[in-house]
There are 2 protein chains.
Amino acid sequence: MKVGQAMVSAGASILHEGGRAAHLFTVLRGWAFRYKTLPDGRRQILNILLPGDLVGLQAEIATPVPHSVEALTEVELCAFGEDALWTLYRDHPELALDVTWLSANEERIVDEALVSTGRRTALERVAALLVYLYKRASVAGLVQSGTAPLPLTQSHLADTLGLSLVHTNRTLQRLRKGGFIRLEEGRLAIGDLTTLSRVAAYWEAVPSNRPLL
Amino acid sequence: MKVGQAMVSAGASILHEGGRAAHLFTVLRGWAFRYKTLPDGRRQILNILLPGDLVGLQAEIATPVPHSVEALTEVELCAFGEDALWTLYRDHPELALDVTWLSANEERIVDEALVSTGRRTALERVAALLVYLYKRASVAGLVQSGTAPLPLTQSHLADTLGLSLVHTNRTLQRLRKGGFIRLEEGRLAIGDLTTLSRVAAYWEAVPSNRPLL
DNA sequence: CGCCCGTTTGAAACAAATCAAGTCTCGTGG
DNA sequence: CCACGAGACTTGATTTGTTTCAAACGGGCG
C-alpha cells in the first residue's frame, strides 16, 4: 500500500486547510500538530501527532480538507496511495478495523480536549495537557530518565489550550513553583503523575491496545 | 446485523461513562447528546446526536466507556450485535468504509466544537452552535417553514458551549434582539444563515455525502 | 553586533462567572 | 379548584479569571 516516504522539516506544512487533494500518511518519526484557523487568524490546535498517528484520514473523506497539519520537529512520514484506503478495506478487514480504531481513538482525544477548553480552569487545563503529552511520549518510548521531549513553544501550548500566551506562561510558572513540573531544555519532567492528574481533574485511562499498522 | 430496536424516553441514559460492556447503536429517530463529566460534576456536552449517527463506536474499542449519552427527546435506536462490527468489516468492506466515514465525520464535528470553545467569543460560539444545529436539523429533514426543532434547554446549550447558563442566556438574547434569530415553542428560526455564520466566524462546508447505513 | 524568537513581567481593561432573586409555566396533589 | 413545587428562563449586582497592551530579557544566529 505504501507508495513512498516523505521527510519534512520542523515548521513545514504537511496538510493545508481548504486544500483539495491530499494524501493519507502515518507519522513514522517526529512530532506534528493538527489545527484550524478562524478567518481573522485565531488558531486552535486540535491535537498533537506522534509516531503511529494517521494524518489525513479526514481529508480522504471530505473536501475541502477540514484542517491543517504542521511539523513541530523534523518528521518522517509514510505515504499511502490514492485508493489505498479502499484496497485496504477490501483485502484486509482486520487492518480496516485498526484504522477505525485509530479514528475513534483520535476522537476520544479531541473529546478530552473539548472538556478541557470547555470546562476546566486554566490551571487544570495546563496540567491535563502536560499529563497527556507526557503519557503519549511515554507510550511512544520517548521518555528518558523521567523526562519527556516537549518540542512545543508556549505559543503552541496556548493555542492548544485555548488560552492567551501570557496566561499560559503564568499558569506554567504556577505549576513549576508548586513543584509539580520541571521544564528545561525542551524537556518536561513531572514530579508525580497522580498528583498532577488530580490537579487536572483528569481521570482518563491510558490509551489501551493501539494497533501497529 | 441488527439484533433489535430500542426506544428510550426523553432524559433517559443510553450509555454511561465508565461502564463496561456497551452495544453499538444508530439513532433512527429523535435527539440525544454525548457528554463527559469531571469529578466535581462539571459537564461538557461533546456533540448532539441525530438520526443517522452512530452511538457507542468508541465504546466498542475502549473500555471503560469514555463518555455518556443521554436522550433529549424520545429516541428510537437500532441495536447491533456483539461482533457486528467485525462481521461487517469482513463481509461488507464498502459499509465498513461508511463506518469510518461516520467516525471521521464525527471527529470533524468535535474539532469544530473545540475551535469554538477554544477560540471563539461567547457571541460567536452561540451563533456557530445555532448555525450548526440548524444545518443538521435541515439535512435530517426536520426544518419546516424555516424553523428547526430545538429540544435543548439553555442549560444544555451552556454545557455544549462551555459557558455558564447565565451568560448563555444573555448572549442568546443579544442574538434575538439583534434580529438574528427567533426562538419560540422549542423551535429555532434563523433570519439569515449567511449573516449568522459571519457573526460566528464560521466557515464550515456542509457535511457532504453522508452514507445511509 | 544586532536581530529575531521565545519567554517573562507589570498594569489596565474586559469578558465571563458567580451570587442572588424573581418570573412564568406546567404538572401534581390537597 | 387552587395552592404548591419543580424546572426553565430572566434580571441585576458584584467578583474574578483571563485577555490585552506594553515592554523587557535572554539566547542563538547570520
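Chain A is the first sequence line, chain B the second, and so forth, proteins listed ahead of strands; every chain is numbered from 1.
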Polar pairs (N or O, both sides) under 3.5 Å between protein and nucleotides 27-30 of chain D?
none

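- Under a 4.0 Å N-O distance rule, the pair Arg120(A)/Glu112(A) qualifies as a salt bridge.
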(request) List the steps and the verdict of salt bridge (Lys or Arg N to Asp or Glu O under 4.0 Å) for Glu124(B) and Arg42(A). (result) CA-CA 13 Å; Glu124(B) 291 168 340; Arg42(A) 279 170 287 177; 2.8 Å; yes

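- Ion pair Arg198(B)/Asp192(B) not flagged as a salt bridge, since none of the NZ, NE, NH1 or NH2 atoms sits closer than 4.0 Å to an Asp/Glu carboxylate oxygen.
- Per the geometry, CG belonging to Leu172(B) stands 15 Å off P belonging to dA8(D), to the nearest Å.
- Of the residues Glu17(B), Glu106(B), Glu70(B), the one that meets the salt bridge (charged side-chain N to carboxylate O under 4.0 Å, His left out) test with Arg34(B) is Glu106(B).
- Every residue two or more places apart in sequence or in another chain that forms a salt bridge (charged side-chain N to carboxylate O under 4.0 Å, His left out) with Arg29(B) is listed here: Glu74(B), Glu76(B).
- Straight-line distance from the CG atom of Leu152(B) to the C1' atom of dC9(D): 15 Å, rounded to whole Å.
- Of all the residues in residues 154-169 of chain B, Gly162(B), Leu163(B), Ser164(B), Val166(B), His167(B) reach under 4.0 Å from DNA chain C with at least one non-hydrogen atom.
- Rounded to a whole Å, the CG atom of Leu123(A) is 11 Å from the P atom of dG17(D).
- In this structure the side chain of Pro51(B) never reaches within 4.5 angstrom of the side chain of Leu28(B), judged on heavy atoms.
- Atom CD of Glu185(B) has 12 or fewer neighbouring heavy atoms from other residues, nucleotides or ligands inside a 6.0 Å radius.
- Spacing between atom CZ of Arg170(A) and atom P of dT20(D) amounts to 13 Å, rounded to whole angstrom units.
- Protein atom CD of Glu124(B) is 14 Å distant from nucleotide atom C1' of dA16(C), rounded to whole Å.
- Between Arg119(A) and Arg176(A), the residue anchored closer to the 5' end of DNA chain C is Arg176(A), taking for each the nucleotide with the nearest heavy atom.
- Just one residue in the list Trp31(A), Phe33(A), Tyr35(A) forms a ring pair (Phe, Tyr, Trp, His ring centres under 6.0 Å) with His156(A), and that residue is Phe33(A).
- Going from atom CG of Leu175(B) over to atom P of dT10(D) covers 13 Å, rounded to whole Å.
- Using a cutoff of 4.0 Å between basic side-chain nitrogens and carboxylate oxygens, Asp53(A) and Arg136(A) are scored as salt-bridged.
- For Gln173(A), no side-chain nitrogen or oxygen approaches OP1 or OP2 of dT7(C) to under 4.0 Å.
- No contact: Arg120(A) has no heavy atom under 4.0 Å from any strand.
- Applying the 4.0 Å criterion to OP1 and OP2 of dT8(C), one finds that Arg174(A) has every side-chain N and O outside that range.
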